[in-house]
Amino acid sequence: QVQLVESGGGLVQAGDSLRLSCAASGRTFSDYAVGWFRQAPGKEREFVARISKGGEITYYADSVKGRFTISRDNARNTVYLQMNSLKPEDTAVYYCAARRGISSDYIPAYEYWGQGTQLTVSS
């Protein structure tokens, strides 16, 4: 069992930077791989980034590669998503998700989800 809470979203201008946080409950956070996903109004939820249990392996969607960085601090039970050079097309609700085992790009692989945090990027 793990509960996830996202924070750090807001309204920014194109080219700005922002860091999202995903705080997890419990004392076994290091047992979980974590992914970030996003969903814009009227669109399907899509994969953004993922990180392995110990943080050694990361992977990104082509749309954010080179601009976004995922990291984790297991001592603080927190995963981060650093977002640089933001574009209007990054506007969406951002969700973090966790699963036991190896990280995945696929939504059905994740058991636990946060409620999301809104990012809006203006032109």
For residues 60-68, run the donor-acceptor check on the side chains, cut-off 3.5 Å, and write out each pair with its distance to 0.1 Å, sequence neighbours left out.
| from | atom 1 | to | atom 2 | distance (Å) |
| --- | --- | --- | --- | --- |
| Tyr60 | OH | Ile70 | N | 2.9 |
| Arg67 | NH1 | Ser85 | O | 3.1 |
| Arg67 | NH1 | Asp90 | OD2 | 2.8 |
| Arg67 | NH2 | Ser63 | O | 2.9 |
| Arg67 | NH2 | Asp90 | OD1 | 3.1 |

Exercise for the section: Would you mind reporting whether Leu20 and Thr117 have side-chain heavy atoms less than 4.5 Å apart? Expected result: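 Yes; the side chains approach each other to less than 4.5 Å.
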Handout entry: Same apolar cluster (I L V M F W Y, side chains within < 4.5 Å links), Tyr110/Ile107
Key =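 Yes, Tyr110 and Ile107 fall within the same hydrophobic cluster.
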Handout entry: Remaining members of the apolar cluster that contains Ile102, side-chain heavy atoms under 4.5 Å
Key =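 Its cluster mates, by chain and number: none.
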Exercise for the section: Linking directly or through intermediates, with side-chain heavy atoms under 4.5 Å: list the remaining ILVMFWY members grouped with Val5, chain and number order. Expected result: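 Grouped by the 4.5 Å side-chain rule, Val5 forms a cluster of one, so the answer is none.
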Problem - Spacing of CD belonging to Glu6 relative to OG belonging to Ser21, to within rounding of 0.5 Å - result: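 These two atoms lie 10.5 Å from each other.
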Is it true that a side-chain atom of [X] and a backbone atom of [Y] form a donor plus acceptor pair closer than 3.5 Å?
X     : Y     : answer
Arg72 : Ser52 : yes
Ser30 : Thr28 : no
Asn74 : Lys53 : yes

Does [X] have more than 12 heavy atoms from other residues, nucleotides or ligands lying within 6.0 Å of its [atom1]?
X      : atom1 : answer
Tyr112 : OH    : yes
Gln82  : CD    : yes
Arg100 : CZ    : yes

Handout entry: Pair Trp36 and Phe47, ring centroids less than 6.0 Å apart
Key =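 Ring centres of Phe47 and Trp36 not closer than 6.0 Å.
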Exercise for the section: Quick one: closest heavy-atom pair of Ala98 and Val34, and the distance? Expected result: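 Closest approach of Ala98 to Val34: CB-CG2, 4.3 Å.
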Handout entry: Ala23 to Thr78 - nearest heavy-atom pair and separation
Key =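 Smallest heavy-atom distance, with atoms named: CA-OG1, 4.3 Å.
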Practice task
Taking side chain to side chain contact (heavy atoms under 4.5 Å, CB included) as the test, write out the residues that go with Gln118, two or more places apart.
Solution key: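 Gln118 satisfies side chain to side chain contact (heavy atoms under 4.5 Å, CB included) with Thr91, Val93, Thr120 once adjacent residues are dropped.
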If you look only at pairs with a residue in [range], which of them pass as a disulfide bond (SG atoms under 2.5 Å apart), with sequence neighbours excluded?
range           : answer
residues 33-68  : none
residues 23-59  : none
residues 42-123 : Cys22-Cys96
residues 27-93  : none

Problem - salt bridge (Lys or Arg N to Asp or Glu O under 4.0 Å): pairs with one or both residues in residues 109-123, sequence neighbours excluded - result: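 Found none.
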Practice task
Sequence neighbours left out, what pairs pass side-chain hydrogen bond (donor to acceptor under 3.5 Å, both in side chains) with at least one residue falling in residues 42-51?
Solution key: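 Listed by first then second residue: Arg38-Glu46, Gln39-Arg45, Arg50-Ser103, Arg50-Asp105.
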Handout entry: All pairs passing ring-ring contact (aromatic ring centres under 6.0 Å, His included) where residues 73-108 contributes a residue, at least two apart
Key =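 Matches after skipping sequence neighbours: none remain.
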Practice task
Quick one: do Leu119 and Leu86 satisfy side chain to side chain contact (heavy atoms under 4.5 Å, CB included)? Show the steps, please.
Solution key: CA-CA 10 Å; Leu119 170 67; Leu86 285 165; 3.9 Å; yes
Using a 3.5 Å cut-off and no angle test, enumerate the donor-acceptor pairs between side-chain atoms of residues 11-19 and protein atoms at least two apart in sequence or in another chain.
| from | atom 1 | to | atom 2 | distance (Å) |
| --- | --- | --- | --- | --- |
| Asp16 | OD2 | Gln13 | N | 3.1 |
| Ser17 | OG | Asn84 | OD1 | 3.0 |

